[in-house]
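Within every chain, numbering begins at 1; the chains are lettered A, B, ... in the order of the sequence lines, protein sequences first and strands thereafter.
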Protein chains: 4
Amino acid sequence: MTQRKTRTTKADATRRQLLDAALAVIAERGYAEATVDRIVEVAGVSKGVAYYHFPSKAAIAESILVDGIGDLIVSFERVAAEAVSATAALTAMIELFAAVIFENAAFGRFFVAELWRPGRAWSAVMRGYEQRLLALLQAQLVRGQREGTVRPELDAAFESVALVGMVLTTTLYYIGEEGEAHGTLDERRQLFIARIVDFVHHANASAGMRAG
Amino acid sequence: MTQRKTRTTKADATRRQLLDAALAVIAERGYAEATVDRIVEVAGVSKGVAYYHFPSKAAIAESILVDGIGDLIVSFERVAAEAVSATAALTAMIELFAAVIFENAAFGRFFVAELWRPGRAWSAVMRGYEQRLLALLQAQLVRGQREGTVRPELDAAFESVALVGMVLTTTLYYIGEEGEAHGTLDERRQLFIARIVDFVHHANASAGMRAG
Amino acid sequence: MTQRKTRTTKADATRRQLLDAALAVIAERGYAEATVDRIVEVAGVSKGVAYYHFPSKAAIAESILVDGIGDLIVSFERVAAEAVSATAALTAMIELFAAVIFENAAFGRFFVAELWRPGRAWSAVMRGYEQRLLALLQAQLVRGQREGTVRPELDAAFESVALVGMVLTTTLYYIGEEGEAHGTLDERRQLFIARIVDFVHHANASAGMRAG
Amino acid sequence: MTQRKTRTTKADATRRQLLDAALAVIAERGYAEATVDRIVEVAGVSKGVAYYHFPSKAAIAESILVDGIGDLIVSFERVAAEAVSATAALTAMIELFAAVIFENAAFGRFFVAELWRPGRAWSAVMRGYEQRLLALLQAQLVRGQREGTVRPELDAAFESVALVGMVLTTTLYYIGEEGEAHGTLDERRQLFIARIVDFVHHANASAGMRAG
DNA sequence: GATGAATGAGCCTTCATTCAT
DNA sequence: AATGAATGAAGGCTCATTCAT
């Protein structure tokens with residue numbers, strides 16, 4: 001039992017090393033230019049293990065995406081369950097989303113690049129996860145319309161996509177801007193997230209709400 | 001003289017065939033999976049000519065991006081020169097941008113994928129073009145703030161990126177949605193563009209403006 | 001003592017499972033495409049045990065061949081000791097040989113493929129077994145010549161090879177023919193073996209013998 | 001025109017070099033152990049050309065088999081058309097077959113190994129060629145039965161397979177035997193082929209014929 | 001005895017680029 | 001200008017074998 005656990009733990013550790021290394025390598029130049037050779041080099045393991053733990057390079061990459069989106073989905077679901085209003089939920093989700101991308105730029109870049117890559121070949125699992133993430137945002141937009149805080153004429157499906165796209169692109173742009181920094185990293189992060197939340201708020205809020 | 005013209009024309013035609021073919025091939029599976037073999041096959045020319053007209057595969061791709069963004073810049077500049085107000089200019093730019101992407105999804109996809117690809121290797125020329133495009137949007141946002149139609153607390157640099165990201169991602173998402181179509185393609189396009197313009201308007205407009 | 005026996009028995013069982021699994025896997029696509037992973041999977045044991053019981057993949061395969069040919073040799077020797085005439089012995093040997101291959105097509109295929117594979121790397125042991133098998137046939141051909149039932153001008157060495165090749169190839173061809181079956185499997189088998197025996201008889205028998 | 005021809009000729013020469021080299025390499029250790037690296041090394045060309053002229057390693061190998069069997073088929077067809085009797089045709093075919101394998105042992109070995117390899121993956125084209133070769137032998141056996149020179153009880157389908165198997169295996173065995181040579185190579189070859197023809201003759205001929 | 005994670009050499013294949021004609 | 005054969009550096013992946021536990 002102990003042995004089994006130990007083994008499992010060790011194997012899991014190797015798996016994790018591979019995923020971390022893969023994300024780092026993919027973040028450098030994108031999925032296409034990431035080589036398995038480089039990934040295992042960064043992970044500090046031999047080439048064979050990569051194929052012992054994953055069936056292909058694509059599977060490694062997809063595992064990263066699925067894990068990342070999965071975590072977001074879990075967080076979004078908790079927010080949806082706990083938030084007292086659609087406005088609170090949307091604000092929390094956007095904040096969370098931006099914070100995650102901000103803190104894990106490597107994942108953010110990979111996510112953006114693959115989300116809209118022409119002919120991307122990720123599996124149905126992956127597409128399902130994307131849909132669930134969008135659906136969670138969409139549900140809160142609809143809820144907001146019921147609650148009178150989101151403009152009724154707004155198309156929730158369109159809007160959820162716009163939000164994801166906007167958050168991802170601005171965050172990456174922000175991270176990319178290096179040099180002309182004012183304030184500490186944390187301050188800048190706070191300011192940036194506030195800006196996104198404000199943008200979303202104005203874009204979606206109904207007049208009455210905004211006035212409030 | 002006639003011959004010179006003929007030659008130039010013919011060379012231009014070949015160049016154009018190559019660019020069109022390259023865009024079509026890249027749109028299928030992305031830049032990395034596009035092969036020169038496939039491009040020349042689609043273009044109906046031999047492999048040698050591709051390297052006669054362009055120094056490399058990357059140069060072909062970059063030429064597509066530069067041409068596309070260049071056209072947008074020219075259009076944006078004309079809009080900026082002619083628009084009677086920042087609001088009119090921004091509306092026209094967003095409409096134009098969405099329409100171009102909508103009509104040339106292949107270009108749109110390529111643009112999105114490369115704009116935020118980690119470690120993308122396009123030249124300084126390319127980056128300069130991107131900056132000019134963003135700067136034209138930014139200028140109108142600033143002008144709007146002067147004119148009192150854009151919220152003064154808004155960060156124009158942030159905002160211009162958000163606009164580009166939002167337009168690109170929603171457009172591609174929309175194009176991807178096939179099947180559940182209501183109305184003709186043109187009607188849907190009109191509706192879609194109206195939605196984007198509306199979104200932008202609400203996100204940016206100052207309260208007084210919106211009330212108006 | 002009991003434990004020793006148990007151990008031996010268990011070890012033998014594992015060994016047998018591995019050999020059976022290996023033969024099954026090899027029969028699917030040949031030795032080269034058989035993988036140790038697949039063999040242990042079919043055998044239902046871990047990878048480590050395979051290398052505990054055998055020094056290499058080649059050793060497993062060779063063990064199959066040696067065991068199979070060894071059994072044939074033992075049978076041939078018994079036939080040689082008991083047969084009242086060369087004709088009876090040859091008939092019995094050919095019948096036996098064809099029956100064995102017919103009933104164990106997997107072994108037959110493997111045997112054929114490896115017997116004439118260019119540069120096959122089996123050990124001296126293996127080659128020795130082949131020679132012994134051929135020698136037993138050859139001995140009966142020579143005996144037949146002494147007894148006047150086998151044509152005297154016939155080259156026994158050549159003939160023994162021809163017999164083995166002919167039996168193997170026709171049997172495999174027969175097994176491969178599926179669909180157009182007449183009669184039960186057993187009937188077809190009987191008919192087929194009779195045909196081989198007849199062929200051999202005519203090819204080798206001296207005129208006087210045949211007339212008789 | 002001249003240029004086209006020159007190019008074609010040169011490309012064909014390269015193709016031929018590859019095929020010859022591949023056959024030589026495959027003859028050494030079999031298809032599975034033949035590497036493309038070794039083939040191009042022997043051919044004296046770069047690795048890329050192999051894949052410029054053939055889609056895969058398997059395609060190279062199959063091309064060899066198809067070409068070789070194709071030549072045999074053409075020869076067999078000529079024999080069938082010209083022979084005055086089934087006996088003459090069969091004798092000529094067997095002689096021809098044995099001579100071809102004798103002179104091109106590399107091809108013979110490859111042919112034998114692949115003809116009965118379990119799960120061999122060659123295309124339908126290849127299987128079709130095999131059938132045509134057997135059919136040509138079979139046709140002469142049937143013709144011989146009509147002409148009264150081949151035993152009527154004999155199964156032509158079975159017999160054709162037996163002939164091919166027997167010729168291939170004995171020839172390769174013969175070639176393999178090195179050292180204990182009597183007479184010149186050509187004398188031994190003559191003797192060997194005579195032996196095969198004699199074997200076939202006895203195995204198939206009806207009593208009356210043999211007496212004649 | 002047994003397990004299964006890890007190793008690493010080597011394989012087939014792809015593809016941007018060059019160059020003789 | 002144009003062709004297409006040729007190049008060669010990688011890249012993804014396989015698999016027999018080893019070894020710590």
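Note: CD (C:E33) to P (F:dA16) measures 11 Å, nearest angstrom. Between the CG atom of D:D37 and the C1' atom of F:dA9 there is a distance of 12 Å, rounded to whole Å. F:dC13 atom C1' lies 13 Å from atom CD1 of A:I39, rounded to whole Å. Distance CD (C:E41) to C1' (F:dC15): 14 Å, rounded to an integer number of Å. Rounded to an integer number of Å, the gap from CZ of A:R16 to P of E:dA6 is 15 Å. The separation between A:I60 atom CD1 and F:dG11 atom P is 15 Å, rounded to whole Å. When the C1' atom of E:dC12 is taken as reference, atom CG of D:L18 falls 15 Å away, rounded to whole Å. Atom pair D:F54:CZ and E:dC12:P shows a separation of 15 Å (rounding to whole Å applied).
Minimum atom distance to the side chain of A:V45 is reached by E:dT7, of the listed E:dT17, E:dT7, E:dC11. Taking the side chain of A:V49 as heavy atoms from C-beta on, and the options E:dT7, E:dC12, F:dT7, the nearest nucleotide is E:dT7.
Residues A:S46 and D:S56 both approach DNA chain E. Their nearest nucleotides, taken by heavy-atom distance, put A:S46 toward the 5′ side. Residue whose closest nucleotide on DNA chain E sits further toward the 5' end, between D:Y31 and C:G44: C:G44.
Applying the Watson-Crick and G-U wobble criteria (two distances, each under 3.5 Å), E:dG8 pairs with F:dC15. For F:dT21, the paired base is E:dA2 (Watson-Crick or G-U wobble, both distances below 3.5 Å).
Atom CZ of C:F107 and atom CD1 of C:I64 lie 9.0 Å apart (nearest 0.5 Å). The CZ atom of D:R38 sits 5.0 Å away from atom CD of D:E28, with the distance rounded to the nearest 0.5 Å.
Here A:H53 reaches the OP1 or OP2 of E:dA6: one of its side-chain N or O atoms lies under 4.0 Å away. At E:dA6, one or more side-chain N or O atoms of A:T14 fall inside 4.0 Å of OP1 or OP2 (strictly under the cut-off). Phosphate proximity of F:dT17 to C:Y51: present, with a side-chain N or O under 4.0 Å from OP1 or OP2.
Among the atoms of the strands shown, only primed sugar atoms or phosphate atoms (P, OP1, OP2) are found under 4.0 Å from some heavy atom of A:V36. Looking at heavy-atom distances under 4.0 Å, D:A34 makes contact with sugar-phosphate atoms alone, never a base.
A donor N or O paired with an acceptor N or O is found under 3.5 Å between the base of F:dT17 and the side-chain atoms of C:K47.
Cation-pi geometry between D:K57 and D:Y31 is met: the NZ or CZ atom falls under 6.0 Å from the ring centre, inside 45° of the normal.
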Please report the C-alpha distance between D:R16 and D:D20 in whole Å, then the side-chain angles of each, then the deciding distance to 0.1 Å, and finally whether the salt bridge (Lys or Arg N to Asp or Glu O under 4.0 Å) criterion is met. CA-CA 6 Å; D:R16 182 108 303 278; D:D20 290 346; 3.0 Å; yes

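Here A:E130 does not pair with A:R127 in a salt bridge; the nearest charged N to carboxylate O distance is not below 4.0 Å.
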